[in-house]
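Numbers restart at 1 for each chain; the letters A, B, ... are given by sequence-line order, proteins then strands.
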Amino acid sequence: MIIDLGWNIIFGLLGLAFILTVFRLIHGPRLPDRVVSLDLITAEIIAVISVAAIRANQPAFLDVAIILALISFLGTVAFAYYIEQRV
Amino acid sequence: MISIVVLILAFLGAFLVFLASVGILRMPDLFLRMSATAKAGTLGVGLMLFAAILHFQDFVITSRALAIIVFLFLTAPVAAHMIARAAYFDGTPLWAGTVRDDLKYHYQIATHTLDSQAHPAEETPAITVVEGDDFTEEG
C-alpha cells in the first residue's frame, strides 16, 4: 500500500522532470542549450525504463536502456562536432 | 524488506533527476546548466539502475545494469566537455555575474586548438559573443 504510493510519487517526479526539461528544449535560447536538454531527456527515459522494469518485473526492458545510452552519447558527440564546425 | 531499500534508492534517483531538470530550467547560463545536468542526472540514473540490480538479484541482470552504469559514468563527462567546448567556440554568452573567464584569449579560433599561453587581443581574433536566439539570424 505505502510502497505503491512511493512508486507513484517516483513516476510523478520523473514526469515533472520531463515537463521542465521539454520547456528548456522549446524555450532555450541557443542550440547547445537544446542539445543539453535532449541529453537530459535521454537520461530521464533511461530512468523511467529502469523503474518500469522494476514495476513490471520484466528485466528485458534494460536492453532498451543500453541501446538508448549508446545512441545518446553518439548523438551528443555528433551535435558537438557540427556546432564546432559551424564557427 | 528489500523492497523498502529498492524504493528508497529509486526515490533518491528520481529526486536527483528532478533536481537536474530544475537546474536546467533555473540556471542563468549554459555552462551552469550543464554542471547541473551532467552531475545530478548521471548520479540519479545510476541510483535507479542500482535499485534495479537490488530488485532482480540475478547475475545476468546485474552485469547488464553495471555495464549501463559504467558506460554512463564514462561517457557523460566526455559528452559534456565536447558540448561545452563547442558552445564556447560558438560564442555562448557567459552569465553577467561571472567572476573570471580562464579560457579568454587561450583558444585559437583559426586552428581550434587550446594554447597554454594567453595571446593579447590584437594577435588573435577574439571569439565573438552572440546574444539571443541563433535561429533568428539565418531563419
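- Side-chain contact between A/Ile71 and A/Thr42 is absent, with no heavy atoms from C-beta onward closer than 4.5 Å.
- Between chain B and the options A/Trp7, A/Phe79, A/Phe23, heavy-atom pairs under 4.5 Å are most frequent for A/Trp7.
- Side-chain contact between B/Pro93 and A/Arg30 is present, with at least one heavy-atom pair separated by less than 4.5 Å.
- Between B/Ser63 atom OG and B/Ile53 atom CD1 the span is 9.0 Å, to the nearest 0.5 Å.
- If you tally non-hydrogen atom pairs under 4.5 Å between each of B/Val78, B/Thr75, B/Val45, B/Thr37 and chain A, the highest count goes to B/Thr75.
- Heavy-atom minimum distance, A/Leu25 versus A/Ile41: CD2-CD1, 4.1 Å.
- Taking CG of B/Leu54 as the reference point, atom CD1 of B/Ile8 lies at 11.5 Å (rounded to 0.5 Å).
- Among the candidates A/Ala43, A/Pro59, A/Ala47, A/Gly12, the residue making the largest number of heavy-atom pairs closer than 4.5 Å to chain B is A/Pro59.
- Comparing A/Thr76, A/Leu14, A/Asp39, A/Ile54 by how many heavy-atom pairs each has under 4.5 Å with chain B, the most go to A/Ile54.
- Rounding to the nearest 0.5 angstrom, the gap separating the CG atom in B/Leu43 from the CD1 atom in B/Ile69 is 10.0 Å.
- For B/Val22, the parts sitting under 4.5 Å from any heavy atom of chain A are the backbone and the side chain alike.
- Summarising the local packing, CD1 of A/Ile2 is surrounded by 12 or fewer heavy atoms from other residues, nucleotides or ligands at distances under 6.0 Å.
- Within the 4.5 Å cutoff, the side chain of B/Met34 has no heavy atoms near those of the B/Asp29 side chain.
- Of the inter-residue distances, the one linking A/Phe73 atom CZ with B/Leu74 atom CG reads 9.0 Å to the nearest 0.5 angstrom.
- Using a 4.5 Å cut-off between heavy atoms, A/Val36 touches chain B through backbone and side chain atoms alike.
- Between chain A and the options B/Asp58, B/Leu47, B/Ile61, the largest number of non-hydrogen pairs under 4.5 Å is found for B/Ile61.
- Residue B/Phe56 touches chain A through its side chain alone, counting heavy-atom pairs closer than 4.5 Å.
- For chain A, the nearby part of B/Ile68 is the side chain; its heavy atoms alone come within less than 4.5 Å.
- No other option in A/Ile49, A/Leu16, A/Asn57 has as many heavy-atom pairs under 4.5 Å with chain B as A/Asn57.
- B/Arg64 and A/Asp63 are joined by a salt bridge, as a carboxylate oxygen and a charged side-chain nitrogen come within less than 4.0 angstrom of each other.
- Side chain of A/Arg24 to main chain of B/Ile24: a donor-acceptor pair is present (N/O by atom type, distance under 3.5 Å, no hydrogens or angles).
- Remark: A/Tyr81 OH is loosely packed, at most 12 non-hydrogen atoms of other residues, nucleotides or ligands lying under 6.0 Å away.
- Only the side chain of A/Leu40 comes within less than 4.5 Å of a heavy atom of chain B; its backbone N, CA, C and O stay farther away.
- Heavy-atom neighbours of chain A within the stretch residues 14-21 of chain B, taken at a separation under 4.5 angstrom, comprise B/Ala14, B/Phe15, B/Val17, B/Phe18, B/Ala20, B/Ser21.
- The parts of B/Ala51 that come within reach of chain A are both its backbone and its side chain, each placing non-hydrogen atoms under 4.5 angstrom from that chain.
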